[in-house]
Amino acid sequence: MNENEILSALYQTVVNRRDNPKEGSYTCYLLDKGIDKILKKVGEECSETIIAAKNGDNSETVYEIADLIYHLTVMMVQQNIPLEDVLAELDKRSEKTGNLKKFHTVDKNS
Ligand SMILES: N=c1c2ncn([C@@H]3O[C@H](COP(=O)(O)OP(=O)(O)OP(=O)(O)O)[C@@H](O)[C@H]3O)c2ncn1[C@@H]1O[C@H](COP(=O)(O)O)[C@@H](O)[C@H]1O
């Protein structure tokens, strides 16, 4: 699969699982459990990503980032957030450079 298509294919798979539940699907299990379970998993995978990065273990970090992206995708579908909205927001930001001042005006020492 083309690298640029991977995120949208994952998103579409999750939408398909929501619309056509499949036995044995982990995605269906999460969607069935609901938002609290999904957010708990997002938090867990986020923490595991942080720990892997802190340990300097890049292959473990890559694995945890993939877990995090998957669980964020399930969250987006559950919340009816189109992938295009996130991509559009990133694209909008890419038009602007030199953002340091705007984001760091409060504490000059941090
Ligand atoms: N990318 C993923 C993906 N990443 C992680 N996982 C699953 O996420 C789960 C997380 O594991 P954990 O050990 O943290 O959790 P657990 O103890 O198994 O379960 P709980 O804590 O959630 O109860 C594992 O079962 C992984 O297999 C994923 N499951 C599915 N996908 C994608 O979703 C598609 C559809 O999968 P199904 O919905 O299972 O058909 C797959 O082809 C993939 O593209």
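One-based numbering, in listed order, for ligands and for the atoms of each. Computation of the quantities below employed the complete heavy-atom set of this structure, encompassing side-chain atoms and omitting hydrogens, waters and symmetry-equivalent molecules. Positions are given from 1, in the same order as the sequence printed here.
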Who are the side-chain hydrogen bond (donor to acceptor under 3.5 Å, both in side chains) partners of E89, not counting sequence neighbours? K92, R93
Contacts for ligand 1, heavy atom under 4.0 Å, by chain and number, are L10, T13, R17, S25, Y26, T27, Y29, K37, K41, E45, D67, Y70, H71
If you count heavy atoms of other groups shown closer than 6.0 angstrom to CG of N55, is the number above 12? yes
Validation: residues 14-22 side-chain donor-acceptor distances under 3.5 Å, sequence neighbours left out:
unit_1 : atom_1 : unit_2 : atom_2 : d
N16    : OD1    : Q12    : NE2    : 3.4
N16    : ND2    : Q12    : O      : 3.4
R17    : NE     : S25    : OG     : 3.4

Hydrophobic cluster (4.5 angstrom, side-chain heavy atoms) - remaining members for I51: none
Is there side-chain contact between Y70 and L30, with heavy atoms separated by less than 4.5 Å? yes
Has the side chain of T61 got a donor or acceptor atom that lies under 3.5 Å from a matching backbone atom of A53? yes
